[in-house]
Amino acid sequence: MRIYDFNLKDIKGQEVSLKEFEGKVLLIVNTATGCGFTPQYEGLEKLYKEYKNEGLEILDFPCNQFGNQAPGSNEEIISFCSLKYDVSFKQFSKIEVNGKNEEPLYTYLKSQKGGIFGKNIKWNFTKFLVDQNGNVIKRYSSTVAPEKIEKDIKILLGK
């Protein structure tokens, strides 16, 4: 199994193959609109605008598993992210990242890079950095702000 073998629904319900992102550096993040880490959307958007033309893609997966912090519909999430943070990176439909209904992509990501306290995702805004060949390079906890990941992104982009 490779990361490019997964198909998911984007936030508007359209099927998306991750093959579409082959050859790009990916930052995959589970998000929530009502979380203490929600302001990280601003840093994610800044990274995306800075490096999208160099090959960075950010893949946003809203998740309501932690403290009911993403209770809105996909449409409400789009509206919130657009109005409050001017998000322009790829957003996907709401998913679960742990448990019996977890999105298979997250099963794969966690199998590649377990966390400090085990494989399960501990909270919203956990991030996975994937290189241009689809290798999961690093996992970052929720507390790691997007700007702290910039140096790792630049290395992968050859900057």
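All values below come from the heavy atoms of this structure, side chains included, with hydrogens, waters and symmetry mates left out.
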Discussion item. Regarding K127 and D152, does a basic nitrogen lie under 4.0 Å from an acidic carboxylate oxygen?
Written reply: no

Worksheet item: Passes side-chain contact (heavy atoms from CB on, under 4.5 Å), T143 versus W123? Steps please.
Response: CA-CA 9 Å; T143 59; W123 206 255; over 6 Å; no

Worksheet entry | I121 side, atom CD1; K110 side, atom NZ - distance, nearest 0.5 Å | 5.5 Å

Fill in: Test item: R139 side-chain N/O and L109 main-chain N/O as donor-acceptor pair under 3.5 Å
no

Worksheet item: Going by an N to O cut-off under 4.0 Å, is there a salt bridge joining E15 and K9?
Response: yes

Worksheet item: Going through the distances and angles, do K154 and E50 end up as a salt bridge (Lys or Arg N to Asp or Glu O under 4.0 Å)?
Response: CA-CA 10 Å; K154 286 171 77 172; E50 179 75 24; over 6 Å; no

Discussion item. So V130 and F21, do their side chains get closer than 4.5 Å, heavy atoms only?
Written reply: no

Fill in: Side chain T38, main chain A32, donor-acceptor under 3.5 Å
yes

Worksheet item: Does the side chain of V25 come within less than 4.5 Å of Q132's, by heavy atoms?
Response: yes

Worksheet item: Between I28 and V136, is there a shared hydrophobic cluster once you connect ILVMFWY residues whose side-chain heavy atoms come closer than 4.5 Å?
Response: yes

Discussion item. Please find the pair of heavy atoms, one from T126 and one from K122, that lie closest to each other, and give the distance.
Written reply: OG1-N, 4.4 Å

Worksheet entry | Working for ring pair (Phe, Tyr, Trp, His ring centres under 6.0 Å), residues Y41 and F125 | CA-CA 9 Å; Y41 270 120; F125 290 88; 5.5 Å; yes

Worksheet, complete the sentence: Between the NZ atom in K52 and the NZ atom in K90, the distance rounded to the nearest 0.5 Å is 13.5 Å

Worksheet item: Transitively linked via ILVMFWY side-chain contacts under 4.5 Å: I11 with L27?
Response: no

Practice prompt. Determine the minimum heavy-atom distance between F92 and L18, stating which atoms define it.
Written response: CZ-CD2, 4.4 Å

Worksheet item: Do any N or O atoms from the side chain of S79 and from the backbone of E76 form a donor-acceptor pair under 3.5 angstrom?
Response: no

Practice prompt. Could you tell me whether the side chain of Q112 and the main chain of N135 form a donor-acceptor pair under 3.5 Å?
Written response: no

Worksheet item: Just by distance, do the side chain of Q40 and the backbone of T31 share a donor-acceptor pair under 3.5 Å?
Response: no

Worksheet item: Once you round to the nearest 0.5 Å, how far does CD1 of I153 lie from CD1 of I137?
Response: 12.5 Å

Practice prompt. Tell me, with the steps shown, if F37 and Q69 meet side-chain contact (heavy atoms from CB on, under 4.5 Å).
Written response: CA-CA 10 Å; F37 297 112; Q69 294 181 339; over 6 Å; no

Worksheet entry | Path from V16 to L8 over hydrophobic side-chain contacts below 4.5 Å | yes

Practice prompt. Over all heavy atoms of both residues, which pair between Q91 and D60 is shortest? Give the atoms and the distance, please.
Written response: NE2-OD2, 2.9 Å

Practice prompt. Return yes if some donor-acceptor pair links the side-chain N/O of K113 with the main-chain N/O of L129 below 3.5 Å, else return no.
Written response: no

Fill in: Any side-chain heavy-atom pair of Y85 and P39 under 4.5 Å
yes

Worksheet item: What are the two closest heavy atoms between L56 and L157, and how far apart are they?
Response: N-CD2, 4.3 Å

Worksheet item: For Y51 and E150, what are the C-alpha separation, side-chain angles and deciding distance, and is it a side-chain contact (heavy atoms from CB on, under 4.5 Å)?
Response: CA-CA 9 Å; Y51 298 105; E150 185 173 13; 2.5 Å; yes

Discussion item. Just verifying a value: how many Å separate I3 CD1 and E22 CD, rounded to the nearest 0.5 Å?
Written reply: 11.0 Å

Worksheet item: Does the pair E45/K84 count as a salt bridge with the N-to-O cut at 4.0 Å?
Response: no

Discussion item. Please tell me whether N98 and Q65 have a donor and an acceptor in their side chains that are separated by less than 3.5 angstrom.
Written reply: no

Discussion item. Check this for me, if you would: do K46 and E42 make a salt bridge, where the nitrogen-to-carboxylate-oxygen distance has to be below 4.0 angstrom?
Written reply: no

Discussion item. Could you report the tightest heavy-atom contact between I58 and L47, atom names first, then the distance?
Written reply: CD1-CB, 4.4 Å

Worksheet item: F80, F66: one ILVMFWY side-chain cluster at the under-4.5 Å cut-off?
Response: yes

Item to complete: Evaluate the ring planes of Y106 and F128, with Trp represented by its six-membered ring, and classify them as parallel (under 30°), tilted (30 to 60°) or perpendicular (over 60°).
Response: perpendicular

Discussion item. Please evaluate residues F61 and K94 with respect to the criterion side-chain contact (heavy atoms from CB on, under 4.5 Å), reporting the C-alpha separation (whole Å), side-chain torsions for both, the decisive distance (0.1 Å), and the verdict.
Written reply: CA-CA 6 Å; F61 291 90; K94 199 183 313 186; over 6 Å; no

Worksheet item: Heavy-atom distance under 4.5 Å between the side chains of E57 and Y48, does that happen here?
Response: yes

Worksheet item: Is N30 close to N124 at the side-chain level, that is, under 4.5 Å between some pair of heavy atoms?
Response: yes

Worksheet item: Any side-chain heavy-atom pair from K138 and L156 closer than 4.5 angstrom?
Response: no

Discussion item. Restricting to non-hydrogen atoms, name the atom on D131 and the atom on N133 that form the minimum distance, rounded to 0.1 Å.
Written reply: OD1-N, 2.9 Å

Worksheet entry | Shared hydrophobic cluster, L44 / L83 (ILVMFWY, side-chain heavy atoms < 4.5 Å) | no

